[in-house]
Amino acid sequence: MNERANRRLLVRLALVAAAMFGFGYALVPLYYTVCDALGLRDLGRPDTIVSTQVDATRTVRVQFDTNVRSMGWQFTALEHTAEVHPGAVVQAVFRVVNATGHAVTGQAIPSYAPRLAGGYFRKVECFCFQRQTLGPGETRLMPVVFVIDPALPRDVATITLSYTFFEVEGAGNGQTGA
Amino acid sequence: MSSITQPIGGHGDAAGGHEHHPSGIMRWITTTNHKDIGTMYLWFSFTMFLVGGVFALTIRSELFEPGMQILRPERFNQLITLHGLIMIFGALMPGAVGFANWMIPMQIGAPDMAFARMNNLSFWLLPPAAIMLLLGLFVPGGAPETGWTLYPPLSIQQGMGMDLTIFAIHIMGASSIMGSINIITTILNLRAPGMTMMKMPLFCWSWLITAYLLIAVMPVLAGAVTMLLTDRHFGTSFFDAAGGGDPVLFQHVFWFFGHPEVYIIILPAFGLISEVIPTFSRKPLFGYASMVYALCAIAILSFLVWAHHMFTVGLPAAGILFYMYATMLIAIPTGVKVFNWLATMWKGSITLEAPMLFALGFLFLFTTGGFTGLILAIQPVDVQFQDTYYVVAHFHYVMVAGTLFAFFAATYYWLPKWTGHMYNETLAKWHFWGSFIFFNVAFFPMHFLGLAGMPRRIPDYAQQFTNWNQVSTVGAFGFGLSQLILLYVVVMCIRGGKPAPAKPWEGATSLEWTLPSPAPYHSFPTPPVVQ
């Protein structure tokens, strides 16, 4: 029997297995690269405004919902609802208070109800486009400037925009752990 | 009566004087013999099959009526998870490795596997892994309630049963990778003179391709569960949305493993069926070369279709179309195989012994499962059917009636070679008809339930689903009890019976039938020459 040939094949196949373990991890950056290239996860980028033709014939009620996920911030909208004509540029202001005794970095993630409304909700400016770092006890007012695309189906009369702040751990704010 | 633990020396076989091995339990712990290790793999597989089967019957008992009867919802979900993991990693995969260990060296004229000690290690990793998996039921929080796919965020929130499961998957993965390296090396380097690649029995070909798939994707699963582990305990955020991770990423990594895994489970079954059908049709396999190419095509395509498991996560339309068409493309090489098996039987002189009955059952029911797979591949349809009992019906048709029936066929086919005795043909046929009928009673109604919208992995259901669920539960118990016939037939065959000739099936042609029955402890110490 050819012991050396067997051993050589063993080493090669073991190397393939090790490389595939690495490939599993390589799928992580690959996933984000592909998503960016296809524009699938462009949460942190301003939307382009397709039409600013104000449709004054109807009004859409926009509700603002605010949440924080296990972090010591208080997060509220100054106005909880807004009556908006599609096509009009609207600003909503949110207030966030860091109630902890140390600096914390957070990232807000938006979501929409009904889900299909997300495609018509065009944000020109948003605090959710970047991480927010608040010092101990700091209060900050943060705007969102948006336009509702007039192409929004007519049967959608109410849109809920919900923001959840997540803590970004290890973001250089001097705090570690959960 | 001789038993399998003391094989009789082959008549006039050169290996007759080499049968020294420790006796008792140490024989099995220290063995490096491919036949001993194959036997242990098959018994382990059967044991896990019974354990997973008991879980399945518990699940079916709970589903006999709407409302909660015998289980708490958490326990129900844990049994769903363990049933899936145990059947896949405990029963089907080790079962296929068991057949490979027993038959590949004998079919290619090799004296043993290439790395005999590593072979011992890859088996003995399995029992501890299975124990760790089952231990999850007894720790605080219980076993994972995620289903076998272990999706985050739920898998990040589970108790320590999840950690046990992750380590069990690591160990079983290591075992599979070592087994695969062994099989590839054996097939590529240890073939007898004259046994060219394109003369190899198709079972060896199917395992060669399967072993490559395993080496390519088991490490990816190991990576995915390692990421889960570090997300749970070491502060990483691969999948934890709270830290900027993405749960959908896990689904991509998991199904990059998970879809080739489906073919890892079915390809060895294709190989086994390709041995049985020509033998009992008394004709050579139709289109041998096209069978080999079809195996390769299926293996390559299996890497390109994983996202059809994720049709509802919000893929872009172009992605949906790509995965949809690529998935349907797999029907072509699979169709080549099905039609080649049919053409092999065409005008053959067919006899219906138990192996052939199971092969025909496989052919009919696996093809049914393949068709429902094609239906699920259509994304607009899948949006409606995903996570319903239609999917459960589909994959049980390909895994149980596909792989498991092929294992039954192969068990009866080679039992005379393994034990030196003929099995009880009448009881074996009872086993077939019990399995075939009750399988359909258990799983065909699940198509109706899924079409009507019954979701899977839920312990309770709306009242209108009651009737078909009761039919299904009755079928499941019938199927489970039918497997006790198999156990009885195998045990009786080991203990005695009509002595088997070297070649009990007149249509058989491969190399293992040139050895006496039972196969001597050491076969082909000097390689045979293949014409």
Side-chain angles (χ1 to χ4, degrees), chain A residues 1-35 37-41 43-44 67-71 105-109 111 115-116 118-119 131 164-171 175-178, chain B residues 110-115 118 173-174 176-178 180-190 211-227 230 235-246 248-254 256-257 306 313-316 318-319 527:
Chain A
M1 252 183 294
N2 198 336
E3 285 288 338
R4 278 190 53 195
N6 288 356
R7 225 158 261 283
R8 205 162 52 228
L9 194 54
L10 170 82
V11 171
R12 281 183 190 165
L13 293 171
L15 284 177
V16 172
M20 287 310 290
F21 185 78
F23 177 77
Y25 276 82
L27 281 173
V28 177
L30 194 66
Y31 172 72
Y32 290 112
T33 309
V34 170
C35 285
L38 297 177
L40 292 177
R41 276 172 52 93
L43 295 174
N67 309 280
V68 290
R69 189 179 187 279
S70 48
M71 59 192 292
T105 300
Q107 167 75 55
I109 303 288
S111 69
R115 201 170 70 166
L116 73 92
R131 295 170 175 182
T164 303
F165 256 110
F166 292 102
E167 182 170 349
V168 182
E169 284 168 27
Q175 195 214 1
T176 53
Chain B
D112 205 310
M113 298 294 279
F115 306 107
M118 189 167 83
S176 287
I177 291 167
M178 286 194 284
S180 301
I181 291 176
N182 220 334
I183 287 167
I184 293 175
T185 310
T186 306
I187 291 177
L188 293 186
N189 288 3
L190 266 63
Y212 274 114
L213 283 180
L214 273 166
I215 288 178
V217 301
M218 283 310 285
V220 176
L221 175 68
V225 295
T226 308
M227 289 182 226
T230 56
T236 61
S237 303
F238 288 105
F239 312 126
D240 191 358
D246 190 340
V248 175
L249 170 62
F250 177 84
Q251 301 186 17
H252 280 288
V253 182
F254 180 85
F256 184 87
F257 146 81
W306 76 88
V313 300
L315 300 173

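Letters go in sequence order (proteins before strands), and every chain restarts at 1.
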(message) Quick check on B/Met178 against chain A: is it the side chain, the backbone, both or neither that has a heavy atom closer than 4.5 Å?
(response) neither

(message) Less than 4.5 Å apart, side chain to side chain, heavy atoms only: is that true for A/Tyr31 and B/Val253?
(response) no

(message) Given heavy-atom pairs under 4.5 angstrom as the criterion, report whether the side chain, backbone, both or neither of B/Ser180 touches chain A.
(response) neither

(request) Please report the closest heavy-atom contact between A/Asn6 and B/Ala114, naming both atoms and the distance. (result) ND2-CB, 4.0 Å

(message) Just so I understand: if I count every heavy-atom pair under 4.5 Å between each of B/Ala110, B/Gly319, B/Ala222, B/Gly314 and chain A, which residue has the most?
(response) B/Ala222

(request) Taking all non-hydrogen atoms of both residues into account, name the closest pair between B/Ile177 and A/Ala17 and its distance. (result) CG2-CB, 4.0 Å

(message) What I'd like to find out is whether the side chain of B/Phe256 reaches to under 4.5 Å of the side chain of A/Met20, using heavy atoms alone.
(response) yes

(request) Please report the shortest heavy-atom distance between A/Leu13 and B/Ile215, naming the atom on each side. (result) O-CG2, 3.9 Å

(request) For chain B, find which of A/Leu10, A/Val16, A/Leu27 contributes the most heavy-atom pairs closer than 4.5 angstrom. (result) A/Leu10

(message) Is B/Leu188 close to chain A through its backbone or its side chain, or both, or neither, when contacts mean heavy atoms under 4.5 Å?
(response) side chain

(request) Return each pair, listed once, that meets side chain to side chain donor-acceptor pair (under 3.5 Å) where at least one residue sits in residues 12-28 of chain A; pairs must be two or more places apart or across chains. (result) none

(request) Answer with side chain, backbone, both or neither: which region of B/Phe115 has an atom nearer than 4.5 Å to a non-hydrogen atom of chain A? (result) side chain

(message) Rounded at 0.5 Å granularity, tell me how far OG1 in B/Thr185 sits from CZ in A/Arg8.
(response) 11.5 Å

(message) To check you understand the geometry: which heavy-atom pair defines the closest contact between A/Gly24 and B/Val220, and what is its length?
(response) CA-CG1, 4.2 Å

